[in-house]
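In this text the structure is predicted, and so the values were computed from the model without any measurement.
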Amino acid sequence: METLGTPGVIATLVVDDHVMLAEGVASYLNQIEDIRVVGIAGSGQAALAALAAEPVDVVLLDYRLPDTAGDELATVIAREWPAAKVLMITANDDDDVVVRAIKAGCHGFVPKGRTAAELLSAIRAVHAGEAVFDPTVLARALTQVNRTRVEHTRGDDLTPRERQIL
């Protein structure tokens, strides 16, 4: 798949408010031949400014930012920069967070407890057009989606009188 910037190189933006983590991830990725970190952003506003300034292939996005939730920012990115692939990286792998990431258009979800090699593999996979979700996390999220769908449809087909009787 062709990159937005330098051919053969995946332009990556790291969005995380934990500076040490963001710098560590950027330092690791910049050592990889086919990855170029184009910036680090510590907030949603900084991420939007970085995206407006330079083409990005993959956005590594933390879920909790000081000025916005990651799923809200992912929704904006998907709408304004549809070519950029969003890979949610977070310590919070609650089912609800995963569902929100999927609904927001994230291309993948990597818990921060994973290895650097797993993150690198996920970056390359989402850049290539694949969806990257840990099978266990995804199974839990799908169970929640199905449970929510069932809860919202129970009794929806009843008439007002039938509901009154019940």
Side-chain angles (χ1 to χ4, degrees), residues 1 3-5 9-51 54 56-78 81-149:
M1 176 171 274
T3 62
L4 295 173
V9 177
I10 304 169
T12 305
L13 174 65
V14 179
V15 183
D16 197 306
D17 60 326
H18 294 96
V19 178
M20 185 181 356
L21 176 79
E23 288 177 348
V25 168
S27 178
Y28 167 73
L29 293 175
N30 277 327
Q31 296 176 39
I32 308 300
E33 188 174 306
D34 62 336
I35 307 280
R36 180 175 61 91
V37 175
V38 298
I40 296 173
S43 69
Q45 288 301 314
L48 294 174
L51 286 160
E54 185 167 357
V56 173
D57 297 307
V58 176
V59 178
L60 301 180
L61 178 59
D62 188 16
Y63 183 76
R64 291 209 168 121
L65 297 170
D67 59 349
T68 188
D71 61 316
E72 293 171 5
L73 183 57
T75 300
V76 173
I77 293 169
W81 295 277
K85 306 287 194 277
V86 178
L87 181 60
M88 183 77 66
I89 55 169
T90 183
N92 187 348
D93 68 350
D94 293 342
D95 301 346
D96 187 50
V97 172
V98 178
V99 170
R100 288 174 185 246
I102 293 168
K103 287 181 178 180
C106 290
H107 297 84
F109 188 97
V110 178
K112 284 184 178 176
R114 300 292 186 225
T115 67
E118 288 172 305
L119 176 61
L120 177 59
S121 176
I123 292 168
R124 288 175 173 150
V126 298
H127 180 256
E130 297 175 30
V132 178
F133 291 89
D134 178 87
T136 305
V137 171
L138 184 58
R140 287 192 340 248
L142 290 174
T143 299
Q144 179 178 335
V145 167
N146 288 333
R147 182 175 45 241
T148 302
R149 190 180 70 223

**OP:** Drop me the distance from Ile123's CD1 to Ile32's CD1, to the nearest 0.5 angstrom.
**Re:** 9.0 Å

**OP:** Please name all residues satisfying side chain to side chain contact (heavy atoms under 4.5 Å, CB included) with Ser27, sequence neighbours left out, ordered by chain then number.
**Re:** Gln31

Original post:
Which residues satisfy the side-chain hydrogen bond (donor to acceptor under 3.5 Å, both in side chains) test with Glu130, sequence neighbours excluded?
Top reply: none

Subject >> Residue pairs, two or more places apart or on separate chains, that pass salt bridge (Lys or Arg N to Asp or Glu O under 4.0 Å) and touch residues 12-34 >> reply: Asp16-Lys112, Asp34-Arg124

Original post:
Where do Met88 and Gly70 come nearest, in terms of heavy atoms and distance?
Top reply: CE-C, 3.9 Å

Original post:
Could you give the distance from CZ (Arg64) to OG1 (Thr90), rounded to the nearest 0.5 Å?
Top reply: 7.0 Å

Original post:
Who passes salt bridge (charged side-chain N to carboxylate O under 4.0 Å, His left out) against Arg100, sequence neighbours left out?
Top reply: Asp71, Asp96

Subject >> CG-NE2 distance between Leu65 and His18, expressed to the nearest 0.5 angstrom >> reply: 10.0 Å

**OP:** Report the distance from atom OG1 of Thr75 to atom CG of Leu73, rounding to the nearest 0.5 Å.
**Re:** 8.5 Å

**OP:** Output yes when a side-chain donor or acceptor of Asp62 lies under 3.5 Å from a complementary backbone atom of Val15, and no otherwise.
**Re:** no

Subject >> Atom of Val110, atom of Ala122 and distance for their closest heavy-atom approach >> reply: CG2-CB, 3.6 Å

Subject >> side chain to side chain contact (heavy atoms under 4.5 Å, CB included) against Ala46, all qualifying residues, sequence neighbours excluded >> reply: Ala41, Ser43

**OP:** Report the residue from Val132, Ile102, Val97 that forms a side-chain contact (heavy atoms from CB on, under 4.5 Å) with Phe109.
**Re:** Val97

Original post:
Tell me, do Val37 and Leu13 make a side-chain contact under 4.5 Å, heavy atoms counted?
Top reply: no

Original post:
Which heavy atom in Ala84 sits nearest to a heavy atom in Ile77, and how many Å separate them?
Top reply: CB-CG2, 4.3 Å

**OP:** Find the distance between CG (Leu87) and CZ (Phe133) and round it off to the nearest 0.5 Å.
**Re:** 8.5 Å

Original post:
If you take all heavy atoms of Ile35 and Thr12, which pair is closest and at what distance?
Top reply: CG2-OG1, 3.8 Å

Original post:
When rounded to the nearest 0.5 angstrom, what is the spacing between OH in Tyr28 and CG in Leu120?
Top reply: 4.5 Å

Original post:
Between Ser121 and Glu118, do the side chains contain an N or O donor and an N or O acceptor separated by less than 3.5 Å?
Top reply: no

**OP:** Please list, chain by chain and in numerical order, all residues satisfying salt bridge (charged side-chain N to carboxylate O under 4.0 Å, His left out) with Glu54, sequence neighbours excluded.
**Re:** Arg36

Original post:
Which residues pass the side chain to side chain contact (heavy atoms under 4.5 Å, CB included) test with Ala74, sequence neighbours left out?
Top reply: Leu61, Val86, Ala104, Cys106

Original post:
Would you say Asp67's side chain and Gln45's backbone share a donor-acceptor pair under 3.5 angstrom?
Top reply: yes

